[in-house]
Amino acid sequence: MNTAVDNKDKKTSPAACVPAHVAIIMDGNGRWAKSRLMPRSYGHLKGMERMIGLLEHAFDVGVRYVTVYALSTENLSRPKEEVDALFGLFRKYFNEYARKIIERESRLCILGDVTALPSDIQDMVAEIESQSRRFEGRCVNIALNYGARDEIVRAVNLAAERGEKVDKESFSSLLYTGGQPDPDLIIRTGKEKRLSNFLLWQAAYAELYFSDKMFPAFSDKDFDAALKDYASRERRFGKV
Ligand code: IPE
Ligand code: IPE
Ligand code: MG
């Protein structure tokens, strides 16, 4: 689905300069910690705190859908100690943050294969997904054990099981993001310039923004700078 506005609309409506859906590849926690002679887990802790602040800020400035890439399918193959530390942080912060989501009457969706996660985490996320399902208009997607290739293969299999032929719209609806607008803007922190298996289908016409800042150092002002850059882009969607 495409909700993006063209440049002509942007000029007539300032609110249209704010992307409806921003997705963030939160990269650089480990290098940020290393540069401070701290363990990688400290970088993840600071990254988690920054993520919560940034999600609040994104809603404050009018973004309606925010997707954060918290853990890729590939990240699960990192050393057990690191993966366990990430799950520990999730356990510590999730409920507190989930309450904020509910207070702001927004929806929480998990993108990814949750069945491979520890069972207590599966229970935590299922509870908030069901509590927040009634809210419309604002949504936080947390990509957790997410891989775009897995997501696409899963959608193909769902269609095959139903014996359905798909078109672009019906295929989109089978993805984890089914029913949501595609991301207008994808921000990646941490200097790398790649998508690392993130939203490969949904990113077809997303604007890309790369920041050299490591994620724990990516401030609200840096986010605003990304939105400003986005507002200056001309989105043509293949047209003239
Ligand atoms: C991103 O930071 C967070 C996760 C992938 C979980 P990294 O852990 O990839 O940090 P760098 O890229 O090694 O610095
Ligand atoms: C992408 O970062 C995944 C997340 C931010 C969760 P990675 O650190 O895993 O990506 P690569 O390995 O640099 O491509
Ligand atoms: Mg990384």
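Every value quoted in this text rests on a predicted model; they were computed, and no experiment measured them. Order of appearance sets the numbers: ligands from 1, and atoms from 1 within every ligand.
- Two rings, from F90 and F94, have their centers less than 6.0 Å apart.
- Against a heavy-atom cut-off of under 4.0 Å, H44 is close to the following atoms of ligand 1: 3 (C), 6 (C), 8 (O).
- Looking at R154 and E151, no side-chain N of the basic residue comes within less than 4.0 Å of a carboxylate O on the acidic one, giving no salt bridge.
- Using a cut-off of 4.0 Å between Lys/Arg side-chain N and Asp/Glu carboxylate O, D220 and R50 are scored as salt-bridged.
- Put simply, no part of G190 is less than 4.0 Å from ligand 1, judged by heavy atoms.
- Between S196 and ligand 2, at least one N/O pair is under 3.5 Å apart.
- The Mg ion (ligand 3) lies closest to atom OD1 when only the N/O/S atoms of D27 are considered.
- Note: F223 and H57 have perpendicular aromatic rings, judged against thresholds of 30 and 60 degrees for the angle between ring planes.
- Checked by distance only, ligand 2 and E192 stay at 3.5 Å or farther apart across all their nitrogen or oxygen atoms.
- Ligand 1 places these atoms under 4.0 Å from at least one heavy atom of N75: 5 (C).
- Residue-to-ligand polar distances place D27 within reach of ligand 1: an N/O pair is separated by less than 3.5 Å.
- Classified by interplanar angle (parallel below 30°, tilted 30° to 60°, perpendicular above 60°), the ring pair F198/Y69 is parallel.
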Steps toward salt bridge (charged side-chain N to carboxylate O under 4.0 Å, His left out) verdict (D184, R235): CA-CA 10 Å; D184 301 298; R235 303 184 75 185; 3.1 Å; yes

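- Comparing R188, M26, E74 by heavy-atom distance to atom 2 (O) of ligand 2, the nearest is R188.
- Looking at R162 and L174, their side chains come closer than 4.5 Å, going by heavy atoms from C-beta outward.
- Taking the ring axis of F59 as reference, the NZ or CZ atom of R104 does not stay both within 45° of it and closer than 6.0 Å to the ring centre.
- With hydrogens left out, the protein atom closest to atom 10 (O) of ligand 1 is G30 N, 2.9 Å, a heavy atom.
- Nearest protein heavy-atom neighbour of atom 6 (C) of ligand 1: A70 O, 3.5 Å.
- With atom 8 (O) of ligand 1 as the reference point, the heavy atom nearest to it among R78, M214, M48, E82 is part of R78.
- Nearest to atom 12 (O) of ligand 2 by heavy atom, out of R194, K191, R31, is R194.
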